**Student:** 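Supplied in structure tokens, the structure appears directly below.
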Amino acid sequence: MEIVVAVKPVPEAETRLRPDASHASLDPEGVKFVLAGYDESAVEQALLLKESTVGSRVRVLSFGPAPRTEEVLRAAVALGCDSATWVEHPSDLLPDAVLSARCIATAIAGPFSGLVLCGRQSGDEEGGIFAGALGALLKVPSLGYATNLRWKEPRGQLTLQRSIEGGLEEVESSLPLVVGLQQAWNDPRTAKLPNILKSRKAAIEKIPWEATVATLGPHAIPGTVRRTFRLPPPRTGAKMIRYDSPQDAAAQLVRLLREEAKVFP
Amino acid sequence: MPDFGLSEEQRSLQELARKFARTEMAPRAAECDRLGRFPEEVMRKAWELGLMNLNIPTEYGGSGLGLVDQCVIVEELAHACAGMTTSVIANCLALEPILLGGTPEQKQSVLTPFCSSYHLASFCLTEPGGGSDAGALQTRATRDGDHYVLDGEKCFITNGPHASLYTVFATTDPELRHKSICAFYLPRDTEGVTVGREEEKMGHRASSTSTVRFEKARIPVANRLGAEGDGFSIAMRTLDQTRTPIGALATGIAQAALDHASAYALKRHTFGKPISEHQAIQIKLANMAQDVHASRLLTWNAAWEIDHGRKGTLESSIAKCFASDAAMRVADEAIQVFGGYGYMKEYPVEKLLRDAKLAQIYEGSNEIQRIVIARELLRRYA
């Protein structure tokens, strides 16, 4: 049984982001791209399922430009994924979620096993579209906001939990299925040093952009086009209170709330 | 000329070490320092992730890393806690004599268990009566049939109380000094081996240090590394390998001091502006940055020389000596930037000064390093 995970390289949370000269995209200079958040949970979930089933494997796929995509795939291999496929695109292309889903669907179309995992949204653009789009393209059901996937005996069925408004629901599904995973629930593992070293030498299957375009046809590209990318305006309005004692600080705060912010008379 | 950039592989190792340092070591550093607690759980986790035994070749199950790789990792670990780092890398020091002097069978039987499960080893060279003058060591090894009988005491032994294996240097005849020193390895549970109480130290308080005593401890001749009299050379060649990572450890302490001082300088206000806008503070930070940068480059350069098959004696002594002296200067200035707060244990910088001090002393004091540097230097002019 092959479990497929689709991941996206996203900027590390601590990175300072800047728009590039076109003001439509992020300047990648000095940005470290990583496997993060939702995708880390998806990879961890895939590995847990693999470990609970003898003879299963995990194949990781990613659609993106060099060099970040290869790095993220190697990180996934270091964590325990058995094979990796890089669906390449040119660095100046800004794919939307549907195009990403189309390209990934093309790559997994061959030996599709029936279970595809991904983050319920990407860590950077947070669209939340990919899992649904991929399910539609593969003509299989899809579920988001999922945690705790388990095989149900006899094989071929899964149970999982979904966070819904005000509670948790338990869902049972047959395969094939696309699942978008929640983040921060399964404590993703850290890659071990020998596995990191091995992952540097792992073979990564690469599907060139031309091959993807040939399959999809040129009309598919691009779908939506991002016109501008701006940082949020710098925050203003904070006022520091300089004080001599806690009593003084409280008195000044009350005066400011009353006279300037006018939150009470 | 060397390439000063790190490879993608080295960057991934750096990332692993940084993540481990931040999530596992740093949160416990202050507590372990205060209590003098050896964090066994951190050590085990470091082993699980493959951050221990970095120098053991892959054929025995180790990582088989080069010295530049090791230095990249050690710097990241030491940024979080130098004491824990010393304990994490103590196996590299203790097992290096086996790598250098062991037969293939000895290597297989001793090194493999360290890679297949968590064990600690200690390097036992220094004695109460002498550290730098290793040729004068007094621990006696007396031949008795197919055994040696070991008598003597070793001190300042890192991980002494937790190790299951000791590599020990002893003499068959103190009169002959260097020429009579032998290297051995023996399990801790050998009869006649006793571990002394844990030392209370100024810094490196998360690392565990003790004396180890040998009283009529019998070691099979098969546990001798190399021939009789090879011990001194094995000890010195071991230190040639492990000196450079001490430069990396010192660089990690200095980088931590610079990071803390810079962040604090941007936040702390005096005379109506952040102290980072006062030139008096800027000059301090600039000097600290120079020390950190030079330490790192000297360390990487020494490691690179050794990775490329050269002895690197001059370079590794310069790196260890410069980086540890620099770490003292940088930690000292970091405290000054913090002012009164820097002197308080509640803030992280006073620990850095206490930790840096050891780097000037252990694995060859900086006075010994300067003797080595001068000897290597003058040879080129003679």
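Only a predicted model underlies this, so the values are computations on that prediction, with no experimental measurement involved. Every chain is numbered from 1, with letters handed out A, B, ... down the list of sequences.
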**Student:** Which atom names give the shortest non-hydrogen contact between Gly50(B) and Pro194(A), and what distance separates them?
**Tutor:**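 Where Gly50(B) meets Pro194(A) most closely, the heavy atoms are CA-CD, 4.3 Å.
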**Student:** Once rounded to the nearest 0.5 Å, what's the spacing between atom CZ of Arg74(A) and atom CD of Glu9(B)?
**Tutor:** 10.5 Å
**Student:** Between atom OG of Ser63(B) and atom CG of Leu193(A), what is the distance when rounded to the nearest 0.5 Å?
**Tutor:**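 Atom-to-atom, Ser63(B):OG and Leu193(A):CG are 4.5 Å apart.
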**Student:** Any side-chain heavy atom of Glu15(B) sitting closer than 4.5 Å to one from Lys32(A)?
**Tutor:**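 In contact.
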**Student:** A quick test of your reading: do over 12 heavy atoms of other residues, nucleotides or ligands sit less than 6.0 Å from CZ of Phe38(B)?
**Tutor:** yes
**Student:** Which value, rounded to the nearest 0.5 Å, describes the distance between Ile196(A) atom CD1 and Leu16(B) atom CG?
**Tutor:**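 Result: 4.0 Å between the selected atoms.
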**Student:** Should the heavy atoms of other residues, nucleotides or ligands under 6.0 Å from NZ of Lys107(B) be counted, would the total exceed 12?
**Tutor:** yes
**Student:** Is it true that atom CZ of Arg37(B) has more than 12 heavy atoms of other residues, nucleotides or ligands lying nearer than 6.0 Å?
**Tutor:** yes
**Student:** With a 6.0 Å cut-off (strictly less than), is the heavy-atom count around CD of Glu41(B), excluding the residue itself, greater than 12?
**Tutor:** yes
**Student:** Distance from Glu8(B) atom CD to Glu71(A) atom CD, nearest 0.5 Å?
**Tutor:** 4.0 Å
**Student:** Taking the side chain as everything from C-beta on, heavy atoms only, tell me whether Leu197(A) gets closer than 4.5 Å to Leu65(B).
**Tutor:**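 Yes. Closest side-chain heavy atoms under 4.5 Å.
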**Student:** Roughly how far apart are Leu49(B) CG and Arg189(A) CZ, rounded to 0.5 Å?
**Tutor:**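 Those atoms lie 12.0 Å apart.
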**Student:** More than 12 foreign heavy atoms under 6.0 Å from NE2 of His293(B): is that the case here?
**Tutor:** no
